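Before any comments, here is the structure.
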Amino acid sequence: MKETTKILHSIPVDKLTGAISTPIYQTSTYVQEAPGVHKGYDYARSNNPTRKVLEDLIATLENGKKGYAFASGLAAIDAVVKLLKSGDEIVAVDDIYGGAFRLFTHIYQKFGITVKYVDATDAANVADAVTGKTKLIWLESPTNPTLKISDIREISKIAKANKALLCVDNTFASPASQKPIDLGADIVIHSATKYLAGHSDLIAGLVVTNTDELGEKIKFIQNASGGILAPFDSWLVIRGIETLPIRVKQHSENAQKIAEFLLTLDIVNNVYYPGLPRHKNHHIAKEQQKYFGGVVTFDLKIDDKEFATHIVSSTKYFKLAESLGGVKSLICLPCEMTHKSIPSEIRYQSGVTDSLIRLSVGLEDADDLISDLKTAIHSLSKKLSFTS
Ligand SMILES: *Cc1c(COP(=O)(O)O)cnc(C)c1O
């Protein structure tokens, strides 16, 4: 069975009524026949049938053993970090999602968990950083916003040799494009807010494990800490996943066209997109991803925040907003928005310049999106020729 068929048909038909759409079990508790005698459901923090369908679906989709749904991507990340104890160390990709950086640094460091950040685009840097205390290696590939690619298979070997867990934040690629567990990862997490839900209409997170044993540990943390996903939001994510492969394919085709268009512009300095042969680890992306994804980032030859602000404020179809992965295109200026809290020297080191613009390419027609960008960029060029 091919993947698109597998996704649609691993969502079960409701046994009770035959409903083809998963029922939303909006309940807090379940009536028991006798104390402790029930149908496998006792309290809705511990278990909910709607959430369970989503959890089984994401485990299937990631080729993992167990899946768990959380109230946000960060709640999912938080559950994974809670596998550790004081004195343990994390080795993480340096271009990590800002929220994960904040969680590691400002919450877990004070409980005695330390973090080392490395440029994971070269696996040797990870091998050099790992010590006897390293219990978790944390990767994102592609990263946000400069779309750096790390070799998941190579790094999984380093994790295994050092008895550390490898967790991959698979938000940007999505399982339609990349399956980290097949590449050797122990855990996959998602901000399901992005491509999985796909319609910019909710916040959700998922964890998938490669073994039942690790799954039981996450399940314990999910129930003990309580950051679960609500039934209605679980239903929306299931509904989003039904069209995931077809969306990711189209997001990626549109993004490739836009990246190639941006390369032709004099005003543009770097274009970051794993689908471009000039991308540093294009060969690895080609190996481990089916599609190159819907995010394209670029900066300007004249690295000026005002110029970039003019562009992000002038587009019509690309709406100015944080987040990504929805059907409608978004544009954002990381230095003022998603990456504002990062000190500028550190921000610059990871390539996030003042003129860096991130696009979340949606499902509009690529020609319309290109002409939208063309108009915005031309209006800047006009403004520049008037002022010079
Ligand atoms: C958005 C995002 C998160 C955080 O997810 P939330 O659902 O916003 O909590 C984590 N990792 C990546 C790569 C993200 O893009």
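Model, not experiment: these values are computed from the prediction. Whatever order the structure lists them in is the order used to number ligands and atoms, beginning at 1.
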Exercise. Under 4.0 Å between a Lys/Arg side-chain N and an Asp/Glu carboxylate O for Glu253 and Lys257?
Worked result: no
For this session: Going by heavy-atom distance to atom 12 (C) of ligand 1, choose the closest among Thr338, Leu103, Asp169.
Result: Asp169
Problem set entry | Same apolar cluster: Val248 and Tyr273, side chain cutoff 4.5 Å | no
Problem set entry | Numbering as shown, the atoms of ligand 1 that approach Ala204 to under 4.0 Å (heavy-atom distance) | 7 (O)
Problem set entry | Greater than 12 external heavy atoms within 6.0 Å of Lys133's NZ | no
For this session: Evaluate the ring planes of Phe232 and Trp235, with Trp represented by its six-membered ring, and classify them as parallel (under 30°), tilted (30 to 60°) or perpendicular (over 60°).
Result: parallel
Problem set entry | Nearest protein heavy atom with distance in Å, relative to atom 4 (C) of ligand 1 | Tyr97 CE2, 3.4 Å
For this session: Using distance alone, determine whether Gly73 and ligand 1 share an N or O pair under 3.5 Å.
Result: yes
For this session: Could you check atom 7 (O) of ligand 1 against the protein and tell me its nearest heavy-atom contact, residue, atom and distance included?
Result: Thr193 OG1, 2.7 Å
Exercise. In this structure, are over 12 heavy atoms from other groups packed under 6.0 Å from Asp212 atom CG?
Worked result: yes
Problem set entry | Aromatic ring pairing Tyr41/Tyr30, orientation class (parallel under 30°, perpendicular over 60°, tilted between) | tilted
Seminar exercise, completed: The closest protein heavy-atom partner of atom 1 (C) of ligand 1 is Lys194 NZ, 1.5 Å
Exercise. Is any N or O atom of Phe172, backbone or side chain, closer than 3.5 Å to an N or O atom of ligand 1?
Worked result: no
Problem set entry | Atoms of ligand 1, numbered as shown, that sit under 4.0 Å from any heavy atom of Glu140 | 13 (C)
